[in-house]
Amino acid sequence: MNMFCILSCLCVASLISCNKDTAPPVVVDDDLDGPISRPSSGYGANGTHVAGEQDFFNPGYPAAQATVFYPSDMSIPRPVIFYSHPYGGQSKEYNRGLYEFVARKGYILVFVPYPTFGVSVTDRYNTLWTGFNKAVELYGPKMDLTKVGFAGHSFGGGASIGLGYKAFTEKGWGAKGRFIFTMAPWYSYQITDPELENFPANTQFITQVYDDDNVNDHRMAIDIFKHISIPNSEKDFVYVKAGVINGYHYVADHAVPSSRTAYDAYDYHAVYRLLDALMDYSFNQNPAAKNTALGNGSAAQVTMPGYNGQTLPPLEVTDNPTPRFKQDKYEFKCGDPMNPRSDHCE
């Protein structure tokens with residue numbers, strides 16, 4: 001497989017416009033690429049906690065260290081996000097910006113690498129599962145496992161569905177709050193139609209796809225979104241489109257989000273902001289957070305920032321996504337026999 005970034009895809013059929021919306025406040029000076037900076041307040045703004053990290057040994061993959069990112073200034077048990085990286089993204093530096101963002105917000109993120117070559121899909125799933133459980137064994141007293149999220153990109157986005165279901169149903173994690181957040185997802189293994197039809201009732205779900213992605217067919221994200229038994233009020237399909245501001249190209253490709261390629265406003269405003277609100281809604285039952293995370297196209301959800309009179313395209317949100325491009329556009333097509341859910345592609 002030649003997958004580079006793996007979180008989950010969000011494909012949207014209906015466009016949501018925001019003629020009355022105002023862009024969120026931004027910080028003028030920071031280290032992001034492009035003219036638009038990170039939010040200065042609200043969802044998507046950096047948290048006030050100190051991000052710490054601790055490497056640990058994963059018996060499922062001795063060749064690479066796994067890492068727990070955590071708020072080092074907090075002593076009480078914190079909610080946990082189990083993160084599955086994209087194929088080839090086994091270095092924590094690949095998306096350090098996201099991992100530290102979660103820790104600064106006061107939550108724990110578990111990052112578990114898996115091998116890129118020489119193993120099967122099942123082996124990679126087993127490596128992730130073993131690493132997640134090892135993190136709980138080592139750092140359980142610091143974790144509030146009644147509040148748990150699963151997030152992932154590309155390969156990791158597809159994997160987050162089955163791994164999340166397994167953790168929620170077999171381990172009971174997330175009894176007081178649980179979510180799944182996928183970006184540009186690849187094929188989803190180890191999840192059946194009956195399991196999708198009986199997903200835990202208190203799960204929230206966001207899946208994102210990117211307009212310029214030519215790696216993972218959006219149909220994979222659409223399939224899971226339509227078949228998972230989460231009510232529309234608790235899930236949203238988000239479509240991110242490219243924009244050009246002041247000559248800088250904000251590319252909505254398969255690498256969003258990534259600290260190693262373009263680390264820009266799309267990381268903070270399109271991804272971190274919605275994840276931030278989803279964590280607050282799922283873990284703290286904050287009703288205001290739902291309007292940003294799962295607003296069904298609300299202004300707070302879709303409005304993107306601008307610079308010097310130019311504004312990024314709003315996010316597009318739908319509960320009834322349909323494909324926008326032919327499968328031939330993508331390196332990994334939904335109908336490929338490698339996809340265990342290839343019969344759900346149309």
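Only a predicted model underlies this, so the values are computations on that prediction, with no experimental measurement involved. All heavy atoms count here, side chains included; hydrogens, waters and symmetry mates do not. Sequential numbering from 1 along the given sequence is applied to the chain's residues.
Trp186 is listed as a side-chain neighbour of Met338, based on a closest heavy-atom distance under 4.5 Å. Two residues are said to be in side-chain contact when any heavy atoms from C-beta on lie closer than 4.5 Å; Phe283 and Tyr107 meet this criterion. Phe82 is not listed as a side-chain neighbour of Ser84, based on a closest heavy-atom distance of 4.5 Å or more. Taking 4.5 Å as the limit, every side-chain heavy atom of Pro79 sits out of range of all side-chain heavy atoms of Met279. Contact annotation: the side chain of Val102 approaches that of Leu275 to within less than 4.5 Å [non-hydrogen atoms, C-beta and beyond]. Within the 4.5 Å cutoff, the side chain of Val256 has no heavy atoms near those of the Val240 side chain.
Under 4.0 Å is where a charged nitrogen must lie from a carboxylate oxygen, and between Asp217 and Arg219 at least one such pair does. Using a 4.0 Å cut-off between charged nitrogen and carboxylate oxygen, Arg341 and Asp193 count as a salt-bridge pair. Electrostatic pairing of Lys176 and Asp144 does not count as a salt bridge here, judged by no charged N lying under 4.0 Å from a carboxylate O.
Side-chain N/O atoms of Tyr114 and Asp123 include no donor and acceptor closer than 3.5 Å.
Between His218 and Tyr330, the ring centre distance stays below 6.0 Å. In this structure, Tyr281 has its ring center no closer than 6.0 Å to that of Phe179. Aromatic rings from Phe199 and Tyr165 are positioned such that their centres are separated by under 6.0 Å.
Cluster annotation: Met143 is not connected to Met74 through the hydrophobic network of ILVMFWY side chains, with a link wherever side-chain heavy atoms come within less than 4.5 Å. Following chains of ILVMFWY side-chain contacts shorter than 4.5 Å, one can reach Val80 starting from Leu163, so the two form part of one hydrophobic cluster.
One N or O on the side chain of Ser229 and one on the backbone of Glu197 form a donor-acceptor pair closer than 3.5 Å. Side-chain N or O atoms of Arg124 include one that pairs as donor or acceptor with a backbone N or O of Pro115 at under 3.5 Å.
Each of Ile222, Asp236, Asp223 was evaluated against Pro321; a single residue qualifies, Ile222, per the side chain to side chain contact (heavy atoms under 4.5 Å, CB included) test.
Phe332 and Tyr187 have perpendicular rings, their planes meeting at more than 60° on a 0 to 90° scale where under 30° would count as parallel.
Counting non-hydrogen atoms of neighbouring residues, nucleotides and ligands closer than 6.0 angstrom, the NZ atom of Lys142 reaches no more than 12 such neighbours.
Because its NZ or CZ atom is both nearer than 6.0 Å to the ring centre of Tyr239 and within 45° of the ring axis, Arg324 counts as a cation-pi partner of that residue.
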